[in-house]
Amino acid sequence: MPNPVPAKRIFLSPPHMSGGELSYIQEAFDTNWIAPLGPNVDAFERELAEQVGVRGAAAVSSGTAALHLALKLLGVGPGDTVFCSSFTFIASANPIQYEGATPVFIDSEPDSWNMSPAALARALWDADRLGRLPKAVIVVNLYGQSAKMLELKALCDRYGVPIIEDAAESLGSTYEGKPSGTFGHFGVYSFNGNKIITTSGGGMLVSDDTVALERARFLATQARDPAPHYQHSTVGYNYRMSNVLAGIGRAQLEVLEERVRARRLIFATYASELEDLPGISFMPELAEGRSNRWLTVMTVNAQESGVSVASLLRSLAEQNIEARPVWKPLHLQPLFLEAAYYSHAPGESFCEKLFAEGICLPSGSSLTEEEQARVISCVREQMKRGIAVSA
Ligand SMILES: *Cc1c(COP(=O)(O)O)cnc(C)c1O
């Protein structure tokens with residue numbers, strides 16, 4: 001007999017409000033600052049910059065907008081090349097397309113699941129030989145874990161290529177004791193509803209280059225020249241964050257460290273309850289880093305476990321549990337069939353293996369112990385059945 005389906009759905013990574021948000025929103029209402037820009041925006045920028053230790057931050061409408069502005073500021077345009085991690089969400093690379101530039105995708109490596117320094121080295125070597133160095137390298141810190149930033153940065157510095165760090169998923173994480181998102185020339189955070197903290201939708205561009213950030217704010221408000229009569233001499237965007245949403249962000253930022261601890265605890269519980277199962281492994285953590293464990297990701301080897309990712313996802317869905325496959329690598333996307341790709345080792349694509357075996361488990365910081373136990377028992381039962389089948 002199949003188990004009755006529990007009524008309450010367990011989501012992958014739902015928003016988790018602290019309760020402090022309403023007072024900032026109330027203040028915005030009381031002062032009638034219901035606009036893009038306003039005191040909450042200024043304060044949110046200042047507070048986030050201080051928290052991650054950069055000179056400045058520009059609050060925008062999404063992480064994607066922040067990435068787009070970073071490319072604009074580095075002068076990316078038609079005919080240029082931009083390197084980008086392949087194992088990531090499409091938003092990392094869409095802005096390359098907005099600018100008519102050409103992406104080249106770089107594989108992940110096994111220790112961090114993020115950009116492979118070996119693959120990047122080969123790609124830079126080839127590009128340099130052809131006199132076509134990229135205008136930028138977008139390094140993604142996936143599922144909360146920092147990439148091997150020091151190695152990647154040393155490579156990029158050797159060729160004078162700036163890094164844009166897509167830290168949309170890694171706010172609150174560190175690498176070598178330094179906040180994730182602060183290693184590149186620009187860093188990008190996202191406050192989309194599923195991220196570790198949220199403004200319902202929003203993003204932040206951070207940098208020590210305060211001149212560039214001023215330019216970002218200019219471009220994000222329709223690029224209005226300093227004249228009273230609405231004069232424009234360059235293409236602009238409507239990309240600024242609303243003062244109401246920035247209020248939500250300020251309250252969320254206050255609980256960031258709590259959220260990191262909660263997600264790390266959720267990861268630790270999954271790992272200790274499931275690691276003994278044959279064919280199951282969890283995303284590793286670099287010794288020199290501390291991941292915010294935005295999502296707990298595990299791999300399921302179908303041969304060793306007797307269970308496929310698809311069947312496991314199906315069982316979880318039947319129990320009203322939202323789990324997901326990992327991001328489909330961008331070099332495999334129909335959108336990017338023409339794009340060049342550098343694998344970790346020649347003939348050995350690591351992120352394709354992750355794509356075949358990876359699964360994201362419910363990881364929201366508001367997940368209760370009881371809900372987590374439901375996920376764990378569902379996975380264990382499916383595995384037991386799998387082992388019985390394959391034995
Ligand atoms: C969420 C996300 C983005 C985009 O952020 P939005 O705020 O949704 O535009 C970019 N890159 C990665 C890796 C993400 O997970």
Side-chain angles (χ1 to χ4, degrees), residues 1-16 87-91 113 142-144 168-169 190 192-196 198 200 259 262-283 293-330 332-334 351-391:
M1 277 290 282
N3 298 335
V5 177
K8 192 161 173 277
R9 182 158 174 77
I10 300 177
F11 291 100
L12 186 73
S13 181
H16 184 184
F87 190 47
T88 183
F89 178 47
I90 188 71
W113 292 12
L142 217 60
Y143 299 122
E169 301 177 1
S190 165
N192 192 21
N194 61 350
K195 297 303 198 299
I196 191 152
T198 181
S200 80
R259 299 295 184 257
R263 294 211 188 222
R264 286 183 63 83
L265 183 61
I266 287 162
F267 174 90
T269 305
Y270 279 130
S272 73
E273 297 291 324
L274 298 173
E275 223 158 26
D276 61 303
L277 295 167
I280 295 249
S281 320
F282 285 82
M283 183 178 185
R293 294 292 189 189
W294 173 57
L295 293 184
T296 289
V297 190
M298 63 179 194
T299 54
V300 181
N301 181 302
Q303 239 141 35
E304 289 168 34
S305 67
V307 170
S308 70
V309 167
S311 71
L312 186 52
L313 286 173
R314 211 176 315 117
S315 311
L316 288 161
E318 278 163 14
Q319 291 301 306
N320 216 3
I321 295 167
E322 184 188 23
R324 293 274 180 95
V326 295
W327 305 124
K328 177 173 181 168
L330 297 185
L332 300 178
Q333 298 287 352
C351 70
E352 287 180 32
K353 180 175 139 65
L354 291 175
F355 177 54
E357 299 188 343
I359 161 166
C360 304
L361 296 175
S363 308
S365 45
S366 55
L367 190 76
T368 64
E369 282 177 29
E370 201 184 357
E371 288 171 323
Q372 195 173 12
R374 242 176 79 195
V375 180
I376 289 163
S377 82
C378 181
V379 172
R380 289 199 76 95
E381 276 200 19
Q382 180 68 11
M383 289 292 159
K384 229 186 322 181
R385 255 177 274 151
I387 294 159
V389 169
S390 63

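All figures in this text were calculated on a predicted structure; none of them were measured in a lab. When a residue number appears, it is its place in the shown sequence, counting from 1.
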Closest approach of [X] to [Y] (non-hydrogen atoms, all atoms of both residues):
X: Val300; Y: Leu312; answer: CG2-CD2, 3.9 Å
X: Glu169; Y: Trp294; answer: CD-CZ3, 3.3 Å
X: Asn194; Y: Arg263; answer: O-NH2, 4.4 Å
X: Asn192; Y: Thr198; answer: O-OG1, 3.1 Å
X: Phe87; Y: Trp113; answer: CD2-O, 3.7 Å
X: Pro362; Y: Ile10; answer: CB-CG2, 3.7 Å

Heavy-atom donor-acceptor pair, [X] side chain to [Y] backbone, under 3.5 Å:
X: Glu322; Y: Leu12; value: yes
X: Arg264; Y: Arg293; value: no
X: Thr299; Y: Gly358; value: no
X: Ser363; Y: Thr296; value: yes

**OP:** Might you work through the side-chain contact (heavy atoms from CB on, under 4.5 Å) test for Lys384 and Arg380, ending with a clear yes or no?
**Re:** CA-CA 6 Å; Lys384 229 186 322 181; Arg380 289 199 76 95; 5.9 Å; no

Subject >> Working for side-chain contact (heavy atoms from CB on, under 4.5 Å), residues Ile359 and Val297 >> reply: CA-CA 6 Å; Ile359 161 166; Val297 190; over 6 Å; no

Subject >> Working for salt bridge (Lys or Arg N to Asp or Glu O under 4.0 Å), residues Glu371 and Lys8 >> reply: CA-CA 9 Å; Glu371 288 171 323; Lys8 192 161 173 277; 2.7 Å; yes

**OP:** Not counting sequence neighbours, which residues clear side-chain contact (heavy atoms from CB on, under 4.5 Å) with Ser315? List them please.
**Re:** Cys378, Gln382

Original post:
Do Leu295 and Met283 come close enough that some side-chain heavy atom pair is under 4.5 Å?
Top reply: no

Original post:
Less than 4.5 Å apart, any side-chain heavy atom of Ile376 and any of Thr269?
Top reply: yes

**OP:** For Met298 and Tyr270, run side-chain contact (heavy atoms from CB on, under 4.5 Å): C-alpha distance rounded to whole Å, both residues' side-chain angles, the deciding distance at 0.1 Å, then the answer.
**Re:** CA-CA 9 Å; Met298 63 179 194; Tyr270 279 130; over 6 Å; no

